Amino acid sequence: MSQQQWNAVDDYFNSLLVPSDEALEAALRDSEAAGLPRINVTPTQGRLLQLLAQIQNSRRILEIGTLGGYSTIWLGRALPADGRLISLEANASYADIARVNLARAGLAERTEVRVGPALDSLAQLAAEDTEPFDLVFIDADKDNNPHYLERVLGLTRPGSLIVGDNVVRHGDVADADSADPSIRGIRRFLELIAEHPKLTATAVQTVGAKGYDGFSLARVTG
């Protein structure tokens, strides 16, 4: 198998299962025009996030890592009219672009993009004694994944779902001797999930337009 074949399969799935959508395509165009890194989820991955949120009957969603708001739109569309999504973004210019994209998608009233280091924003959410989140999507700097997990556990409830993106890293996650901070962060993140008595989890390898990677799913059980 080759990257070309993976791309072709993704294109086929997109054409069949993920119809063209102007708001989502505009979000990608504007993000690219602004020079944002092209690290957003693919359309089929966005649909997966939306389906997971719908399966959860999510009313409250937390996203760590907004970028241009592409995945935020997918998640926000899964919410009921009275639902709420809070997305955390460290880069103020990225957050501005995301807000425009969310407003164009009709989600301005249901979504909030908070700017600042995610660990600080998570601490602020805890201080606000906010209502628990039904789904958490972690997709930011991987070296901080263990710290993100520790913080979000206090912001969830039994039954909440925690999704961790990009946990395979072209297979490098299997290298126990890696000095890469991202790999070390992901490995510790997964180890903490495995050790936690109130989490049940799995991780799935994927191939596609973004190459060889994968994601983790952890359900809070108590």
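Nothing here was measured: the structure is a model prediction, and the numbers come from that model.
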ask   = Does a side chain donor of either R60 or T130 reach within less than 3.5 Å of an acceptor in the other side chain?
value = yes

message = With no hydrogens and no angle check, just 3.5 Å: does a side-chain donor-acceptor pair link Q3 and N7?
response = yes

How close do [X] and [Y] get, heavy atom to heavy atom, and via which atoms?
X: S31; Y: G68; answer: OG-CA, 3.6 Å
X: L36; Y: L67; answer: CD2-C, 3.9 Å
X: P132; Y: R157; answer: CB-CB, 3.9 Å

key: Any L217 side-chain heavy atom under 4.5 Å of V204 side chain   = no

Nearest 0.5 Å please: distance from the [atom1] atom of [X] over to the [atom2] atom of [Y].
X: R219; Y: T156; atom1: CZ; atom2: OG1; result: 11.5 Å
X: S87; Y: L62; atom1: OG; atom2: CG; result: 8.0 Å
X: L88; Y: F137; atom1: CG; atom2: CZ; result: 12.5 Å
X: I162; Y: L149; atom1: CD1; atom2: CG; result: 5.5 Å
X: T72; Y: L49; atom1: OG1; atom2: CG; result: 10.0 Å
X: E109; Y: L79; atom1: CD; atom2: CG; result: 13.5 Å

query = Passes side-chain contact (heavy atoms from CB on, under 4.5 Å), L190 versus S216? Steps please.
reply = CA-CA 8 Å; L190 294 171; S216 64; 4.0 Å; yes

ILVMFWY cluster, [X] and [Y] together (side-chain gap under 4.5 Å):
X: V163; Y: V167; value: no
X: I138; Y: V168; value: yes
X: L52; Y: L107; value: yes
X: I193; Y: V136; value: yes

ask   = Can you check salt bridge (charged side-chain N to carboxylate O under 4.0 Å, His left out) on R59 and E131, steps first, answer last?
value = CA-CA 10 Å; R59 284 187 57 258; E131 184 180 346; 3.1 Å; yes

query = According to the side chain to side chain donor-acceptor pair (under 3.5 Å) rule, which pairs have a member within residues 191-204, sequence neighbours left out?
reply = R188-E191, R188-E195

message = Checking L161 against D134 for the side-chain contact (heavy atoms from CB on, under 4.5 Å) test, could you report, in this order, the C-alpha distance in whole Å, the side-chain angles of both residues, the deciding distance, and whether it holds?
response = CA-CA 6 Å; L161 186 67; D134 305 301; over 6 Å; no

query = So with a 6.0 Å cut-off around CZ of F13, is the heavy-atom count from everything else above 12?
reply = no

request  = Considering only NZ, NE, NH1 and NH2 on the basic side and carboxylate oxygens on the acidic side, decide whether R169 and D180 come within less than 4.0 Å.
outcome  = no

